[in-house]
Amino acid sequence: MKNTNYSILALAALGQKILKINPETGSAEILINTPGKSPDGIVVDNVHGHIYATNMGVPTGGETLYNNDGSIERIDLDGSNHKIIIPVGGTVTPKQLTLDRKNERIYWCDREGMRVMSAKYDGSDVLTLVERGKGKEDMMDENKHCVGIAVDPDSGYFYWTQKGPAKGGNGRIFRAKIEMPKGETATNRTDIELLYEKLPECIDLELDFVNGYLYWTDRGVDEIGGNTLNRAKLENIGKSKVEIIGSGHKEAIGLAIAPDHNSVFTADLGGHIRQFDVNTGKQKMIYEGGKELLLTGITIMANH
């Protein structure tokens, strides 16, 4: 039996667990029970031995009204030493997150906060990089909701998605410079670029620097191209063609690029993890946990 040098970590939102899954066999074990009410984004820092996970908090009065009770926690790779690094009140509804490994910062999108945010690995020096709205009225406009995040420190850009209404076909992908333009703020910065629009309902983002692609998942409905894994060439990004690599998801959410860059893994709310060959699009079902798990974010952890 082939012995891979990595595992997939997947967040089960309903069970509030982090699953560790063997990509070759599909076998799964509970690595960690998370205290968060609605875990959504996950990323691993293999160098320092930490897992970062977002907690969206508890919804009140409908899907788009949340208490300001989101948080971000850091956990050791063995599941011990839980530490809240972005406390309740520091972010409204943190969704997907990623690491700037070069500058040792975390980046995340705050959905109902309508923000893109960043902090040092220990949770200090919290910055708001983009703010699309303020207050409850703006919060009700799902076009302002920021969800997926990716960062390219070498080129000096970060990318994010604004998903739009559920199954609405108004998803958009933006980017801006990591360095704030002089004299500007998160609410008025002039360097924001709209890369793609009228997407089904774009969620998570990943950058593949080896093959030169920006990948993302789309929820939405099949009829408008939703429930898919997509990509576009980083060269001439914004004008390069959008390709659908794989379809058939049950509400696609998280994605992670395999260490060999030959395949991409996705997770969906139906409890599935799929593997897609980036050259052929061939799909392989890695794990079927059932819709009661509501799988959200996934990431890659090196095996030690």
Side-chain angles (χ1 to χ4, degrees), residues 38 40-41 54-57 59-72 86 88-98 100 105-119 125-152 156-207 214 216-220 237-238 253 296-297:
S38 300
D40 194 76
T54 64
N55 165 35
M56 295 190 294
T60 59
E63 190 177 327
T64 58
L65 284 177
Y66 272 69
N67 290 312
N68 189 11
D69 61 350
S71 60
I72 299 178
I86 303 296
V88 168
T91 182
V92 181
T93 321
K95 295 291 287 179
Q96 301 297 311
L97 78 166
T98 193
D100 173 353
R105 296 187 68 88
I106 57 172
Y107 281 69
W108 71 95
C109 276
D110 183 358
R111 188 177 65 191
E112 271 77 14
M114 300 163 285
R115 297 177 289 188
V116 180
M117 304 182 73
S118 172
D125 190 34
V126 177
L127 302 175
T128 297
L129 306 173
V130 173
E131 187 166 25
R132 300 307 237 170
K134 274 186 181 296
K136 194 160 284 190
E137 187 175 340
D138 281 349
M139 186 187 290
M140 296 295 289
D141 182 356
E142 292 174 288
N143 292 303
K144 299 180 186 295
H145 287 182
C146 304
V147 179
I149 184 75
V151 63
D152 180 356
Y157 285 100
F158 62 93
Y159 299 73
W160 75 96
T161 63
Q162 290 178 216
K163 74 180 190 68
K167 302 173 175 55
N170 200 34
R172 292 170 291 167
I173 299 176
F174 299 86
R175 77 171 179 179
K177 284 282 192 180
I178 291 172
E179 186 174 344
M180 183 76 72
K182 192 172 181 179
E184 297 182 1
T185 70
T187 58
N188 69 9
R189 60 187 302 165
T190 57
D191 64 334
I192 294 174
E193 300 175 65
L194 171 60
L195 300 177
Y196 297 101
E197 60 183 339
K198 296 182 171 60
L199 301 173
E201 191 186 349
C202 45
I203 304 293
D204 201 7
L205 287 172
E206 285 284 346
L207 288 162
L214 175 68
W216 67 90
T217 49
D218 257 309
R219 292 178 68 175
I237 191 70
I253 303 291
T296 52

Tell me which donor-acceptor pairs under 3.5 Å the side chains of residues 177-184 have, and how far apart each pair is, sequence neighbours excluded?
unit_1: Glu184; atom_1: OE1; unit_2: Thr190; atom_2: N; d: 2.7
unit_1: Glu184; atom_1: OE1; unit_2: Thr190; atom_2: OG1; d: 3.2
unit_1: Glu184; atom_1: OE2; unit_2: Thr190; atom_2: OG1; d: 2.8

Does the pair Arg132 and Asp138 meet the rule for a side chain to side chain contact (heavy atoms under 4.5 Å, CB included), with working shown? CA-CA 8 Å; Arg132 300 307 237 170; Asp138 281 349; over 6 Å; no

Provide the closest heavy-atom pair for [X] versus [Y] in the form atom of the first, atom of the second, distance.
X      : Y      : answer
Thr98  : Ala150 : CG2-CA, 4.1 Å
Ile72  : Pro94  : CG1-CB, 4.2 Å
Asn143 : Pro165 : OD1-CD, 3.4 Å
Ile192 : Ala176 : CG1-CB, 4.1 Å

Nearest 0.5 angstrom please: [X] [atom1] to [Y] [atom2], how far?
X      : Y      : atom1 : atom2 : result
Arg105 : Met117 : CZ    : CE    : 10.5 Å
Leu195 : Leu214 : CG    : CG    : 7.5 Å
His145 : Met114 : NE2   : CE    : 6.5 Å
Phe158 : Cys109 : CZ    : SG    : 9.0 Å
Arg219 : Ile203 : CZ    : CD1   : 5.5 Å
Thr93  : Asp40  : OG1   : CG    : 10.0 Å

Does any N or O in the side chain of [X] come within less than 3.5 Å of the main-chain N or O of [Y], such that one atom is a donor and the other an acceptor?
X      : Y      : result
Asp125 : Ala119 : no
Thr54  : Lys95  : yes
Asp218 : Glu201 : yes
Thr161 : Lys163 : no
Arg111 : Glu142 : no
Thr217 : Ile253 : yes
Ser118 : Ile106 : yes

Show the numbers, then the answer: is there a side chain to side chain contact (heavy atoms under 4.5 Å, CB included) between Ser71 and Val88? CA-CA 5 Å; Ser71 60; Val88 168; 4.3 Å; yes

Kindly state each residue pair satisfying ring pair (Phe, Tyr, Trp, His ring centres under 6.0 Å) with at least one member in residues 167-205, sequence neighbours excluded. Trp160-Phe174, Tyr196-Trp216

Are Arg115 and Asp110 ion-paired here, with the side-chain N under 4.0 Å from a carboxylate O? yes

Taking the side chain as everything from C-beta on, heavy atoms only, tell me whether Ile149 gets closer than 4.5 Å to Leu205. no

Under the side-chain hydrogen bond (donor to acceptor under 3.5 Å, both in side chains) test against Arg189, which residue among Asp191, Thr185, Thr187 passes? Asp191

Tyr107 vs Leu97, test: side chain to side chain contact (heavy atoms under 4.5 Å, CB included). Steps then yes/no. CA-CA 6 Å; Tyr107 281 69; Leu97 78 166; over 6 Å; no

Criterion side chain to side chain contact (heavy atoms under 4.5 Å, CB included) on Val151 and Tyr159, from CA distance to verdict: CA-CA 6 Å; Val151 63; Tyr159 299 73; over 6 Å; no

